[in-house]
Structures are given as structure tokens and as C-alpha cells.
Amino acid sequence: MLQKILIVILSCFLLIGMFSMSAYADEYVIALVVKNVGNPFFDAVARGGQDACDDLGHTLIFQGPPTPTVEGQIEIIENLIAQRVDAICVSANDYDALVPVMQRAMDAGILAISFDSGIHPDGRLLHINQADFELIGRLQVQAIAEMIDFEGEIAVLSAGATMTNQNIWIEWMQEELKEPEYENMELVTIVYGDDLRDKSYNEAMGLFKSYPDLRGIISPTTVGIGATGKAITDAGLIGQVQLTGLGLPSEMAEWIQNGACQAMFLWNPVDLGYLTTYVAGLLLDGEISGAVGEEFAAGRMGEKVVTEAEDGGIEVLLGPPFRFDASNIDEWKDVY
Amino acid sequence: MNDSNHVSSVDFLKNLRGFRELGLVVFIVSISLLIGARNPRFLTWGNLHDMLLDTSILSILAIGMMLVLVTGGIDLSAESGIALTGMIVGLTLIRYPQIPAVLTLFMGMALGAGFGAITGAIVAGGRVIPIIATLGMMYVYRGLTFIVSGGRWVNAYEMPDDFKAMATGRLLGFSNLILIAIVVYIVFTYFINHTETGRQIFAVGSNREAARIIGIRTNRIIWLVYTLSGALYGLAGVMWIARYASAQSDSASGYVFTIVAACVLGGVAITGGVGSISGILLGSITIGIINNALPMIRVSPFWRTALTGAIILIAVIVNIAITRNIERKALLQRKI
Amino acid sequence: MNGLKMDTYVLELKNISKYFPGVKALEEVGFNLKKGEIHALVGENGAGKSTLIKIITGVLQPDEGEIFFHGEKIVFSDPTVAQKNLIAAIYQNPTCFPHLSVTENIFMGHPIVEPRTRRLLWNEMNAEAMRLLKTLGSELNPGSKMGDLSVAQQQMVEIAKALSLDARILIMDEPTAALTSRETEELYEITRTLRKKGTSVVFISHRFEDIYQIADRVTVLRDGKSVGTWNVSEISEGELIKAMVGREISQLFPKSEVPIGDEVLRVEGLSRVGYFADISFSLHEGEILGFSGLVGSGRSEVAQAIFGIHPYDGGKIFVRGKEVPIDSPWKAMEMGIGYLPEDRQLQGLVLPLTITDNITLSTLDRYARKGWLKSRAGHDISQKLFSLLKIKASSIFDKTYSLSGGNQQKVVVGKLLAGELRILIMDEPTKGVDVGAKSAIHKIMSDLAANGFALIMISSEMPEILGMSDSIVVMREGRITRTFSREEANQEKLLTAAVEVGR
Amino acid sequence: MESTKTSIIPGGLSLREVFLRWEWLLVGLIVGVSIVNGRLSPHFWDYAGLMDAMAVFLEKGFIVLPVAMILISGEIDISVSSIVALSSVLMALSFQAGLPMVLAICVAVAVGTACGAFNGFLITRIPGLSSVIVTLAANSLFRGIAYIVLGDRAVGGFPRWYSYLSWGYLGSSSIPFIILAFGIVAVFFGLVLHKTTFGRKVYAIGNNQVAARFSGIPVSRIKLILFTLAGVMSGLAAVFLTSKLGSSRPNVALGYELEVIAIAVLGGVSPAGGKGGIPGAILALILMRLLRYGLGLINVPGQVMLVVIGIILVLVVMLPNLIGSVRISRKRFG
């Protein structure tokens, strides 16, 4: 009996496979490879990517490993090379480790683009930057400073210790904190929740206990800020410990409404996916060449420009991050 | 018969086996005092309560794992079982927010028992070695978690308030979650020590062939322990999403090692037949202390993983050393 | 109620056949049991005794034939059915739960429970266990862990378990194999008491002593068929042997007189904390040195210390006059010492491997060049020993688990001989081995001694010790109490030394 | 003993024949999966692509070999992924400190060896300490040390030739170098396990450790060698993995420990010890790879792939049991 059920399930999967294959007739195939699947942020990215493909008449493949490992991404990219897709857009789990495989993709004539979390210029043609690293880093410090009146201890609760984006943001945070107006503030520690709900929560709770005078926490990662919001609420520290960072509105709605977090930031992942895929489509169509300074119309995103990136490569900037607070969270919490 | 002489020494040894747990108690107390010396807040009632709260979910999972380990098996699928039941209950709560919180606990148990029953059927009926059967089901349940959720998370604002209150609420000064764990412990202490089925689990683990010969339906017992393990991870799954106010598809990734470590620390033999409720409770608490205390005494996050491993290793070795020393003393006292 | 069928048997098996893939384990076997009788079931290993018992207890189901219980046809579809009908069995290797307490072992499967809630009543069970053990003359603590007990003590618990079932039919599969003479006597007494109470007992044994002491009737099985059933008083030992093996065996213990040569092994003041102390003896070429004493007196521990399994912490071992520290079996074998362990299935053989793999196991490096196996060389040696030892199997490539106990034991002996070891310690070499194989093993031992090998034989069987040994060492509670020469030893003296009355 | 007499198998299938049967099953599955894959995706039978696909994460295969041997000896090692991470990190650091790359590679292997020996030492020297507990704790310990020494940094910038190990091809052919390297190592392991006294002793220990000890086999020493070997191969795997990634971080090779065991068991190795062999493990590796490759080519989402692989793992291991029970019942009643 059980066997029969299993066979039925198996054949269903094979059918799904056939279905996805039948979509090959279209002109270009663009693959979006994300850090991991099962993450609402990247689901929103995929929605944006699909919109762009619909606008341009291309086919989208959305893939990602179940856990955010670079090994899983390499395997997926190898498979994409083997089926000769036309463009691979990747949000990398590691800044360096995807370079060799993306070079192989480029050797095979595939367009290599990184977005969200970038890779080294050697392994990409272009990076779609959701927002300026410097701006995001500084913005979060400014926000927390306002909340705590420029005075007191703050801490950072990050994702994994090896996350590219988070580490750059944190560097810029430390840079911003050197400014004179923050002389009464002190960044006491950086802890890592590894983007695991339970670990992030425990780390936040640990912060409250080991730093009783803590005034604020910056958590530049979606899982971390959500867990910290819950931890602040549970510990009864709403108002005493302030929270800001980068979070998903859907997840943060509760903690913004109850005051645990006055404000936090994020760009629109739907737009990010749209822009990434759209740019890839334009490059494939030969509409743009990807030279620095080139200006182009990016569908519903309006006018964009190719600029030089901080790491020496080139990039397209999505725009400033969006600020979410009690006044606007209700409109967004159901969107992503 | 000349039993008496030999027997008394055997009894002596048997009583001393209890000291294995005493060793763990000594370890817990000494490490607590050590940490308390570094950070006095560690030994406050509030923190001890938090620590128990942290341990409540783990300790429940440890019971299920112990029952499986006692029969000589292992349940690697527990970790994705947590995620899957949590996710299904979370999704149900979005559609039917009026479901009373207490009912969700039973719902989780029923779902988990269902998943556990499938795993158990594969192990008992399909005669697949437990480590492989449960590894396979670990993948399957994790994949299903992604599939049923479509990659989305269940966020705090989507959960009914009384559900979230279940995790934060207190009764008689104890968090509800601790109370749930206490109830589970009472029930299972009774089940294991005072019911026929409970003892049959140990009989099957001690000598399966002998159990079969005296008429115990060994397959049924093996199926039962996986089902019970399922019911318990189902319960834990609901507690998990209530505690962190979020259901994610990658919840509890890698958590199974923590559960097994708690059992092993608590003296459960991987080879089957041996395990006690008091032991796994102490084992869970030891793990809870490690997780809770290291952040509190400001151990660098980069040191924690290594320290966790080292502490487990040292605890086990010290325990063995103590037991061997005692046994040696007993031998020395034996008259020849 | 069966009031009308007064004369029927308690249990009657008719034309029972049982097939395993390729083998007829039982062929049209008939067997019956009267109320209040002790019925011995004998036969060589592999004759089908165990299969028959498993059918009676419902562990196995017959392929053909019928079973009548109190004159009514019954089907034992699984062990619980037999248990409900109060049939209990004590198996050859105690089927215990080593991690659980004595009480649990006794009551597992039929606990005393509170009738309404079905809660286990531990106090009642402990008290009852204590009482049962007392009636057996044992003072075991019901709380002891089964795994910590000796085999004999475990056997006692098994018997207590059968008593607790209040069985009407009790099956004992070689219950005396692990017991010392005194314990055996106790067991006889218990069995007779049970008979008086109307219990029927099926008694399986290799020891004729058992049969003639207590059995009323005896049924002989050979090659899966029943040879016949006799009243014990009407059949002689010789006839019984003939019925079992289908031929006559003249002498059981053929140790031939050979001149005793040089000293090859001397042990001085050997001791291991908690197990034995101050053990001294010497062993010569051509000699068989018997080690007697009760089970648990430290005989095996001494042997294992000399073989390097467990380290000794005091004393010296001399091989051919030179002191050698022995800390591993590997080292012991280098010194020419070999050990035939007591438990051949656990310690002697790697059951899933073939006969040749087992025979060559301890000498693998000899059949290899720089680590690469040259299987041929190993096969040649195995083939030679296979023929020499007359192992009954189709070839040296048979798996050892498919062999009978006696042939398995011969394989272990073969492994020992392949090692070209000159000092052999044999721990219970004929335990659980049928008559034919037993005599063959004794013959081999005698031949070895004649060829200048030096042997130590540990045995619990008095006739074996007395018949085979040139001199006899008796141990009690970890110490040597007496040493006898072949001429001065007799059963009574050995027993006295083993229990040391009036200590 | 008499009861075992009952289990005589007619025509006595030898262990080797049983192995063969299992391996034929795997071969059949490989052929089946290939056919299905070929029908589902037009790209599957692309020879160069297939070769590249086989080479993806073949370093896992390097670890499968010793882990299979450890399982056959009745033990388990769940610390291999952390040994890979630690070896990789220390290799990168020593390169950064100015050591020539060749010596840095030696460092990786040496670190792996030391870690494996550490495991083996604890397991064999402290009776009562099981390999599950030791390697479970060592799993945290080794990775933790990797985090301590490297923290949140990544180290890269290796010489160009180093990337050849994982990305290069043999001459102008389309056979990746790593396949050749793996082939050599696999043959070596196959010979050691199946053709040497050492391998025979491993099987004896796995089938009956007590009897092996009573037969004068140095059980502890062999286990020590096995765990050390797992360390050596993990170090080697780290060399290839780091070459593949072009940089090193403490979080590489996460989750390898269970995958490696799954592959070995799929290959017919019994975690209870004494059963299985290297050919089966290699076939299972190929099967697993083809399966993932095929599913990847038709863009089955990662989460669905998890479900499929889980089900296949269970089904394949269950298959012989089901067939067996059907056959037995047919014999009994038919």
C-alpha cells in the first residue's frame, strides 16, 4: 500500500519535471540562483523575476539549495551550464567561492550576473546592487542613534560570521560610529545567530543578560531581527532596548506594531528580482552592452545607470532602502 | 549456593551506576558556579528559569529520541519533523485562527504521531536499518515542509494572540512551556516505569530475540517508539513556533545532533537497552547550560562551537573515569 | 472441560514436519507427554530437538502435522498462544534481557498489574521474585541486573521465570550445561518437585547422567526423525548411544599415556585484582592439565590472562624457561600460546564467514606477501585441517553458522591448530557438543598430547576432567586450592577441593 | 548450536555472491536512472556535461571510501565534514603565511591525519567511549577550531595551477582530473579492503569483534588505522574542495557527514558492521550523482529533490527486504 502511494508521489514529481521542461521553447532562458529556497525574501525576488521575464518574453528558472551552502549553489550552477541556459543570476553564499564555477559559465558563453549578495568581479559581468553598502551601514547606525538619543551601548546581531553583505555593512557601521556625534555610543559586541531562529533568539537573550545596560541592537539580517523582536518582547524590554536593522515587513509587522522595533529597513525584493532579470534580458537581447555610464530604461523600474562598483567591478544600483515603521507597515506586511 | 558473595558486590556496582547521573549533577553544579562567578546574573532565579525554558523543548525531544535509542535505533527525522508539524500547524492557524491554543498542541502531537508512524512502518515493516530509514525520512519531511508552505514563512502577526501567549504566559511562576515539559515528563516517567508496554520497549532493546520468544510483538513496539517520538517532536514543533513566533521551512536544521548529544550525555546507550528519564533530563539541562551560559560570560562566538564539542567530550570522559574508578574500587574490595 | 478424556496425553504431536529452504528439519515426528512425567529428549546436535521445541512453544509453526493439547487440536500461531496454555520454556542459551533486573526478567511478558489501571506492581513482583528464587535455594537479589550475573545464576532466573508462569508443561533445553554438579543436583530436586505437583517436563540434555537421574521416559531424535520412545529403566546407556548416533561408540575418553616432556609453561603468583590471586602451576610437553572448580571460580579469567585478553597485574609467566610479559592475544600467540574460548559462537567464530576464513583468521599474515592475500595458501591449510578434523560440511567454503555445534567447535580447534601453537588452553572444549563430536574432540586432544603439545583443559564435567587430565588443578574463588595427579584424583576429592567444606 | 542449523541456505550463497547481487541492483538502477534522465532532458547524454557532472563534489567520494570501511568495522564517523573544514582552513592559512602551495597541501593532509588519529586514539584507548559520541563531539570541536583560527575571514588567492586539481582536464580530453584521482584512490581502497589481510581483518572485526580479538587480531590498532585513514582522506578531500571553491572558510563541507554515510549504506554497507564493499559504495556514489544531476537538469526544485532522494534512499534499501519476503512466502505457500 505504502509503496503504491510512494510510486504515485514519485510519478507526480516526474510530471512536474516534464512540465518544467516543456517551457524550453522560448527565446532565452534566464536562471535565478538564490542563497536558499524556502525564504520569503527570495520568493519575492522570484516573483519580480517572473514579471520581468513576462515583460520581455523570456523563460525564468528559479533555483536554490535547501540550505544556504556554496556547495549546493555550485552544483546547481553546474547543472544550469549543462542545460545551456543563457544567463545565470546568483545571490551568492560566498563572495569568492563561486568565482571558478561562474568563470566556467562565462567560458560556456553564459551571461554571469550577481545580485543581492555579490561575488568577486572576476566571476561576474555585472552586479545588481540592491542598495549602496555604505548607505545601508550608515543608515542603520543613524536610526538606532536617534532611537537611543545618541547615548549608550549597542550591539550587532548578525547572520553567519562568513556572510559577505553583513560583514561589509558592519564595517560601514563601525566607520559611521567613528563620527563625533556618536561619542557617547559604544558598539560592545557582534554576535552571530547563523540565520537560525532558535540560535538568534538565544543570542539576543544572552545579550540582555551579559550587557544589562544595553540600549540598542542592530540586526542586519531578516531572521536575526525577527528573533530579536520576539526576544525583546518576551524579556519585557520594549522601550528599554531599541531595535533596528534589515527585516521583512511580513515578519516584522508584529514587532513594529508592539513597539519592540520602531523602524527598520529593506529594499523591495520584488523590484530587485525584476531589475536583475530585466537587466539580464536586456544584455541578452543586446539592447545594452554593460559599459560604465550607460543609461537605460529598465521596464517598470524606470531609468537606471551602470556604475563602477566599490570592489572594482560594475554594478547597477536599485535605489535607497525603504524605511518601514508603524505608519506604513500595514500596507506592506501582506506584500512580502 | 555460593551466590551471596558475588551478589553483594554486584549490587554494590549496580547502585553505583546511579552515580553516573551524580557525576552529571556535579558537572552541572560546578560549571554553574564557575559561570556564576564570572557573571552573577547567571545564578538569578530569572535566568535559571530562562534556562529551563530553553531546555523545555529539547528535553521533550530527548524523551522521544531516548525511546528510539533504547530499542537500538535512532530517529534522525526528528529535526525535520519539528519543522513540518510546526509549519502545518502554523498554516492551519492562518486559516483557522479561532482554534484554541491548547488544541494546537494536540494537533501537533497527532500530526507528528502520523509522521512517526510512517517512519516506524518503514523501520519495523520495511526492515530498513533505522539510521537510513530516518535519514531518508529526514530529507522527505524537510522537503515536504518546503512544499506545503510553498516556501513562505508563517509570521508573528499571522498567529493568533492566544497562541503566542501560550509560549510567553506563566502559571504559578513557571512558564507554560516548562509546565508542558513537566507534564510530559510525568506522563512518560509513568509510562516507562509503570506500564507493561513501557517495559517492553526496554526488553526489545535489551534482547530482541528473547522478547519475541516470550511473546512481545517486537515489530509493534518498534513501530510504537517511532510513533511516540513523532508525537513528541510534533508537540515540540508546536512549542517551537509558539516560542519563536515564526514557522520557517528550515526550522531546527541540524538540531538532531543536539538531541542525540543530550541523550548520550544522559547515559543512553547507542547500542540499546539502557536509558533513564532522569538521565536525559540532566543531559538536556547540561546542553541548555552550555547554550545559555557561553553567551552570558561573553565567550567569543567563534569559540563557542569548539567549546561545546570539548565540553561534551570532557563530560563523557570524566563520567567514564568516575565509573571505572568506582568499579575498580569495588573489585579491590572483593574477597579472593 | 476434558473430563471425559482422562487417559489422553497432556500434549501430543503427530506427524510433525518442518522444512527450511533446502532442509527437512523434522520429518513426521511424533511425540507425546503424560501428565506429571519427566520426558527426556535426546539426539545429536542437528537432530531437530530445538526445532521441535520451538514448534511446541509456538516460535515456529509446523508445515505439516497436528498438535493436540489435552486431547484437543490446537494451533500455536505465536508464542503467546502457548504461553496462555501454560507452556513455558527454558532455552539453552539463557534468553535474558541483560540490561534489566532479575525481577523484570522473571515477569516480562506476564507482569503482576493492578487490575483496573494495569499499573505494574513492582513491590509485589519483587517479593514474588524473591520467594521464587528462595524456593530454588538462590539468594539472588531481585534488583540485580541480569547482565551482571553468571551464566548459572541466569539459568536460575530462567527457571524461576518458568515457575512464575505456573506452567503445566515446562521445557528445559540443556539446563545443566552451564551448571556445576551441585547446582545440577538442586535442579534435579526442583524438577522432581514439579513432577510431584503434576507438571510435565520435557528435558533436553547431552548428559546421560541427567537422563538416568531424573527422566521417566526418553525419546531419541536422529536426523529430523524420531527413532523411538522408551522407558528410561528399560534402555541401557549403550543402546541409547546407538540409537542417537546410529553406531556404537566404544570409549568416551581416550587419553593415551604418553611420556611427559620438558616444562613449556610456568606461571608464578599470577593475580588480577578482583578476579584471581596467587596462581602458580607448570605445564609440560605431552601433558594435559585439567582445571576444575565451580563456574565463576576464576578458571577462565586465569586462562584469558595468560592469553593476554585481560591484563594481569601481578606475577610472572615463563615460556620455555624465559619470562615473557603478555599483554595481548597477539603477543601470546607469538609465544606459541593458543586459547580455545568457552563461548564458541561469541568468542571463537566469526559466524557469517566461511570455514576457511575462520580457520585462517588468526594466521592471516602467513598467507600473504607484504599484506596482499594469497588465498590459495590459506585454502590449502584449511583443506588439510578440514579433512584431518573430519568436519562435516560440504566444503571449506560453507558458512560456519550453518554448522552444528560440534563441527563449529572443530573449526575453532582447526583455527588453533593452523596457528602451529604448542601450548593450547581449551576452555570447556566439549560444552554443548553432541556425543560423537565430543569423542572426536577428545581423540584430537589426546593425539595432540601424544605429539608433544602441552594442553590446559578447563572443564566443569567431572568425568571429562578425570578421564583426560594428567594432573588436575582445582580452583575456588580465585585461588588454587589443591593440585592432584591423575592417580590420586577422584570425583569426591575434586568436589571437596572446589567447595572447600568447613571454610 | 542447533537453532542455527535451521538457517542453512540451500546452495549456500557466499558473501561475495550477495555483494554481487546488491551491486547488480545498483547497476540496474544506474541504467534505469540514465534512461529516464535521457528521456527527460535532451542535455543528459552530452558526454562532456556528464563527465563534469560526475566530477561535481567528487571529493565527497574520497571520504565515502574510508567511512565505508569504518562502517564495515562496526564503527561510525560523523566528524569527517569538520575535519575537511579544519584541514582546508589551516591549509589556506599556512599558504597565506608564505608556505609554498605544495607544502600547504601537505599541511591539509597532515591536519586531517592528526584529527583522525585523535578520534581513533580516544575511541580505542578509552574503553566505554563509543565512536558515535567521540565523533559527534569532535564534529563540533574541529569545526569550532576552524572558526577560532579563521573567524569571519575567507582566505584565497591560491596559485593558478592549484585550481587544476578540481577544474582541470586530462590533456585535451574532457575527463576531469579529479575523476582520475578518485579512480586511483578508489582502486587502492578496493584492493586494500578486498585483497589484503588488513581488509580481511576489518571484516572479521565488523562481524564479530570479540572473536577477532580472541583470534589475535589487534582490533584497537586496526580501528586506529581506520579512523586515521578517514582523517587522511578528509584532508585530501579538503585539498580538492578548496581547489573547487578557490578559497577557504570555516563553514565549508557542512552536512557532508550524513550524506557520506547515506551513500555508503546505499552501496550495501551495513552500519551494523561486516557487510558491504568498495565497489558498491562507488556505484552508490554514481547513482546518487546521476540522480541529482538528472533532477537538476529538469530543474526540479531543491526541496522536491530532497523528497525524491529521501524516498529513493528508503526504497532502495527496502527493496531487497520486500523481494526477499515475497520469495519466502511464495516458497512456503506455493
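The sequence lines fix the lettering, A, B, ..., with proteins before strands; numbering per chain opens at 1. All values reported here derive from a predicted model rather than from experimental measurement.
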Return the option, out of D/Pro127, D/Gly255, D/Ala272, with the maximum number of heavy-atom pairs under 4.5 Å with chain B. D/Pro127
Flag the one option from D/Ser270, D/Ala137, D/Ser82 with the top tally of heavy-atom pairs under 4.5 Å to chain B.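 Most pairs with chain B among the choices: D/Ala137.
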Quick check on [X] against chain B: is it the side chain, the backbone, both or neither that has a heavy atom closer than 4.5 Å?
X        : value
D/Leu122 : side chain
D/Ile76  : side chain
D/Glu259 : both
D/Ala262 : both
D/Leu254 : neither

D/Leu258 vs B/Met138, side-chain contact (heavy atoms from CB on, under 4.5 Å): CA-CA, chis, key distance, verdict: CA-CA 11 Å; D/Leu258 289 180; B/Met138 171 177 135; 3.9 Å; yes
Would you call [X] and [Y] a side-chain contact if the rule is heavy atoms closer than 4.5 Å?
X        : Y        : answer
B/Leu265 : D/Ile133 : no
B/Val140 : D/Leu306 : no
B/Tyr141 : D/Val307 : no
D/Leu136 : B/Phe257 : yes

Calculate, to the nearest 0.5 Å, the distance between atoms [atom1] and [atom2] belonging to [X] and [Y] respectively.
X        : Y        : atom1 : atom2 : result
B/Leu313 : D/Ile126 : CG    : CD1   : 8.0 Å
B/Met137 : D/Leu313 : CE    : CG    : 10.5 Å
D/Phe142 : B/Thr305 : CZ    : OG1   : 14.0 Å
B/Ile131 : D/Ile78  : CD1   : CD1   : 7.5 Å
D/Asn139 : B/Thr308 : CG    : OG1   : 11.5 Å

What part of B/Ile132 gets closer than 4.5 Å to chain D, counting heavy atoms only: side chain, backbone, both or neither?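 Both parts, backbone and side chain.
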Under 4.5 Å heavy-atom distance to chain D, tell me which part of B/Ile311 shows up: side chain, backbone, both or neither. neither
Identify, with sequence neighbours excluded, every residue that meets side chain to side chain contact (heavy atoms under 4.5 Å, CB included) alongside D/Ala114. none
Partners meeting ring-ring contact (aromatic ring centres under 6.0 Å, His included) with D/Tyr256 (sequence neighbours left out): none
Of the non-hydrogen atoms in B/Ile129 and D/Pro271, which two are nearest, and what is the gap between them?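 The answer is CD1-CD, 3.3 Å.
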How close do B/Ala306 and D/Ile148 get, counting heavy atoms only, and between which atoms?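 Looking at all heavy atoms of both residues, the shortest contact is CB-CD1, 3.8 Å.
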